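Here the structure is a predicted model, which means the values were calculated and not measured. We use all heavy atoms of the structure for the numbers below, so side chains are in, but hydrogens, waters and symmetry mates are not. Numbers here simply count residues along the sequence, with the first being 1.
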Amino acid sequence: MVDESVRVLTPDQAWDLLGVAELGRIALSVDGQPDIFPVNFHATDGRIMLRSGEGTKLSELAVNSRVAFEADGHTDADGWSVVAKGTARILVSLHEIEAADQLPLRPWIATMKYNYVEIAVDSITARRFEFGPEPERYPV
């Protein structure tokens, strides 16, 4: 029996899903200790952009720029998940920051988040899940 409740999507489909999502999670690891942070983001042109205030995320990126990023969504009938892996960097040039200021990327909460982080994606995977009842555990 083929399980059609989980479908692997193409990279283009993964980018399309990221294009309509707004909330994701960035996963970092420093000295063998993982951390994960919810972030709003903007995805385009093979990169994921987010903003951050001073603190843990930026400090950890300075030590280890390799990151994973995850976003997901759902309806009543199905759900999806995208996982991207890549290298993150804090934008420092005025030209890059001015360009990033033009993106539709604003903090959700009233905090000072003037640092832009760009994730250059090396790999991206996505899956779509069809919701339904749990299969019979011991079919006859």
Please check: side-chain N/O of [X] versus main-chain N/O of [Y], any donor-acceptor pairing under 3.5 Å?
X      : Y      : answer
Arg51  : Lys113 : yes
Asn40  : Leu50  : no
Arg137 : Glu134 : no

Does [X] reach the side chain of [Y], with side-chain heavy atoms less than 4.5 Å apart?
X      : Y      : result
Asp101 : Tyr116 : yes
Leu18  : Ile124 : yes
Val67  : Lys85  : no
Gln13  : Trp80  : no
Trp15  : Ile48  : yes
Phe129 : Val6   : yes
Arg128 : Leu17  : yes
Val8   : Thr125 : no

To the nearest 0.5 Å, tell me how far [X] [atom1] sits from [Y] [atom2].
X      : Y      : atom1 : atom2 : value
Thr87  : Ile119 : OG1   : CD1   : 9.5 Å
Glu98  : Ser93  : CD    : OG    : 8.5 Å
Leu103 : Met49  : CG    : CE    : 5.5 Å
Gln102 : Leu105 : CD    : CG    : 12.0 Å
Gln33  : Leu28  : CD    : CG    : 13.0 Å

How close do [X] and [Y] get, heavy atom to heavy atom, and via which atoms?
X      : Y      : answer
Val121 : Ala84  : CG1-CB, 4.0 Å
Gly79  : Phe131 : N-CZ, 3.6 Å
Ser52  : Leu58  : OG-CG, 4.0 Å
Leu91  : Glu118 : CD2-CB, 4.0 Å
Gly86  : Asp122 : CA-OD2, 3.5 Å
Thr56  : Phe37  : CG2-CZ, 3.7 Å

Which residues pass the salt bridge (charged side-chain N to carboxylate O under 4.0 Å, His left out) test with Asp16, sequence neighbours left out?
->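 Not a single residue meets the salt bridge (charged side-chain N to carboxylate O under 4.0 Å, His left out) criterion with Asp16.
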How are the rings of Phe69 and Phe41 set relative to one another: parallel (under 30°), tilted (30 to 60°) or perpendicular (over 60°)?
->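 Rings of Phe69 and Phe41: perpendicular, over 60°.
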In one Ile/Leu/Val/Met/Phe/Trp/Tyr side-chain cluster, 4.5 Å: Ile90, Ile26 |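 Linked, Ile90 and Ile26 end up in one cluster.
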Is Lys57 paired with Asp35 through a side-chain N to carboxylate O contact shorter than 4.0 Å?
->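 Judged by the 4.0 Å cut-off on N to carboxylate O distance, Asp35 and Lys57 do not form a salt bridge.
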Verify the distance criterion only: is there a donor paired with an acceptor across the side chains of Ser65 and Arg89 at less than 3.5 Å?
->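 On atom types as modelled, these side chains do not qualify, holding no pair under 3.5 Å.
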